[in-house]
Amino acid sequence: MRLSAVVCVTAAAVLLAACGNSDVSGSGGGGPRVVAAFYPFAYVAEQVAGEHADVDNLTAVGAEPHDLELSPQQVADIADADLVVYEEGFQPAVDDAVQQTADGRVVDVAEVAGLEVADAGELDPHLWLDPAKLVPVAEAVAEQLADADTDHTKAYRANAADLVERLRALDREFASTLADCERRVFVTSHAAFGYLAHAYDLEMVSIAGTSPSAGPSPARLARLRDLVEEAGVTTVFTETLTDPAIAQTLADEAGIEVGVLDPIEGLTEQTADEDYFSLMRSNLRALAEANGCR
């Protein structure tokens with residue numbers, strides 16, 4: 001059924017493109033047009049592009065990117081883009097559209113930065129929560145834009161170099177802040193923070209798996225209550241864009257606090273004025289406080 005729907009959407013997209021769909025972002029600028037699958041990669045593309053390219057984010061503010069379904073217009077945007085930045089395996093609808101319609105350049109973040117295996121044996125897509133993992137993404141976007149728009153090659157590369165330095169500084173800030181903590185374990189509502197934990201020698205324990213829609217069994221909740229007590233965990237972290245009910249239940253049963261860690265999969269109405277760096281630093285403060293870091 002989903003394949004049939006994709007074929008229909010693709011056909012509609014071709015018709016839209018034929019009718020003169022010539023502006024991805026609505027800015028009407030004349031530079032390359034970039035389509036990014038969801039927020040962290042749209043942010044990287046915007047930082048690298050600067051004023052010389054238009055960037056469109058397929059995932060709207062407040063939407064859960066895991067659940068993204070593309071409109072015919074969005075499929076047409078992918079078909080017409082000079083560059084598409086996405087992560088294969090994270091959003092099936094985007095994967096299908098890229099494979100069937102993308103005629104321009106493509107940066108697959110999963111291939112560029114590499115994915116790690118989560119505890120359950122599946123690949124963990126949340127690589128952007130380790131700032132160092134975004135360095136090769138920024139560099140790949142810069143090279144693709146530099147090749148597509150040779151008039152601004154130096155600008156794209158300079159923008160990327162600036163972003164890379166900021167990412168490396170953020171990485172050093174995390175490493176320094178989280179180096180000396182009373183606890184190394186933290187509990188989250190879903191397994192989005194494995195790259196962050198691995199990068200800074202922490203241990204993430206999640207209520208659900210890598211997908212926020214996967215609910216825990218009663219046995220798993222019981223084991224989590226035991227772990228919270230044994231490890232002296234003070235906080236169960238819920239997150240933006242998902243229902244906090246199960247995390248709240250665990251916290252109530254264990255007699256501990258509920259906090260928020262943002263997986264930065266997308267912005268919400270409450271975080272619309274934030275950006276990747278400010279949200280990562282909010283996460284760092286929350287982790288440092290919960291884990292007694294000095």
Side-chain angles (χ1 to χ4, degrees), residues 1-49 51-112 123 125-126 128 137 140-141 144-145 147-149 210-213 240-242 263-269 271-272 276:
M1 289 296 291
R2 185 168 67 81
L3 180 59
S4 297
V6 169
V7 171
C8 291
V9 168
T10 302
V14 171
L15 289 174
L16 282 170
C19 291
N21 173 42
S22 60
D23 182 19
V24 171
S25 69
S27 70
R33 291 156 49 208
V34 183
V35 171
F38 58 107
Y39 175 73
F41 307 141
Y43 180 79
V44 169
E46 288 168 353
Q47 297 303 299
V48 174
E51 64 183 6
H52 301 298
D54 297 324
V55 179
D56 181 52
N57 183 356
L58 292 173
T59 304
V61 170
E64 168 53 61
H66 291 269
D67 303 329
L68 179 67
E69 295 295 336
L70 299 177
S71 69
Q73 179 63 60
Q74 288 176 312
V75 178
D77 291 344
I78 290 172
D80 291 343
D82 296 295
L83 174 63
V84 178
V85 186
Y86 79 117
E87 182 176 340
E88 185 175 6
F90 188 71
Q91 295 167 298
V94 177
D95 292 353
D96 290 341
V98 169
Q99 291 166 9
Q100 295 184 32
T101 70
D103 291 329
R105 299 168 183 272
V106 172
V107 170
D108 174 9
V109 172
E111 180 178 351
V112 169
L123 290 174
H126 304 90
W128 58 89
V137 178
V141 169
Q144 291 294 337
L145 285 175
D147 289 344
D149 179 17
T210 54
S211 171
S213 62
T240 57
L241 299 177
T242 59
I264 320 183
E265 294 176 350
L267 299 178
T268 67
E269 291 182 1
T271 61
Y276 173 81

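In this chain, numbering begins with 1 at the start of the sequence shown.
- Counting all heavy atoms, side chain and backbone alike, D77 lies closest to V35 at O-CG2, 3.7 Å.
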Stepwise side-chain contact (heavy atoms from CB on, under 4.5 Å) check, Q91 with T59: CA-CA 10 Å; Q91 295 167 298; T59 304; 3.4 Å; yes
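- With sequence neighbours excluded, the residues that form a side-chain contact (heavy atoms from CB on, under 4.5 Å) with A140 are V107, V112.
- For D82, the side chain to side chain donor-acceptor pair (under 3.5 Å) criterion is met by no residue, not counting sequence neighbours.
- Nearest heavy atoms, L83 versus V106: CD1-N, 4.0 Å.
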Verdict with supporting geometry, L58 and I78, side-chain contact (heavy atoms from CB on, under 4.5 Å): CA-CA 9 Å; L58 292 173; I78 290 172; 3.8 Å; yes
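- For E265 (side chain) and H66 (main-chain N/O), no donor-acceptor pair under 3.5 Å exists by modelled atom type.
- Applying the side-chain contact (heavy atoms from CB on, under 4.5 Å) rule to Q99 yields the partners E88, D95, D96; only residues at least two apart in sequence or on another chain are considered.
- Put simply, CZ on F41 and CZ on F90 are 7.5 Å apart, with the number rounded to the nearest 0.5 Å.
- A distance of 8.0 Å separates CG of D149 from NE2 of H52, quoted to the nearest 0.5 Å.
- Take E87 and apply the side chain to side chain donor-acceptor pair (under 3.5 Å) test, not counting sequence neighbours, and it matches no residue.
- When all heavy atoms of A37 and N57 are compared, the pair lying nearest together is O-OD1, 3.7 Å.
- Across all their heavy atoms, E69 and Q74 have their closest contact at O-OE1, 3.9 Å.
- For Y86, there are no ring pair (Phe, Tyr, Trp, His ring centres under 6.0 Å) partners, not counting sequence neighbours.
- Pairing each heavy atom of A81 with each of V84, the nearest pair is CB-CG2, 3.9 Å.
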V44 and V109: CA distance, side-chain angles, deciding distance, side-chain contact (heavy atoms from CB on, under 4.5 Å) verdict: CA-CA 11 Å; V44 169; V109 172; over 6 Å; no
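- Sorted by first then second residue, the side-chain hydrogen bond (donor to acceptor under 3.5 Å, both in side chains) pairs that include residues 35-47, not counting sequence neighbours, are Y43-R166, Q47-R166.
- Closest approach of L145 and A53 over heavy atoms only: CD2-CB, 4.4 Å.
- Distance CG/D80 to CD/Q73: 8.5 Å, rounded to 0.5 Å.
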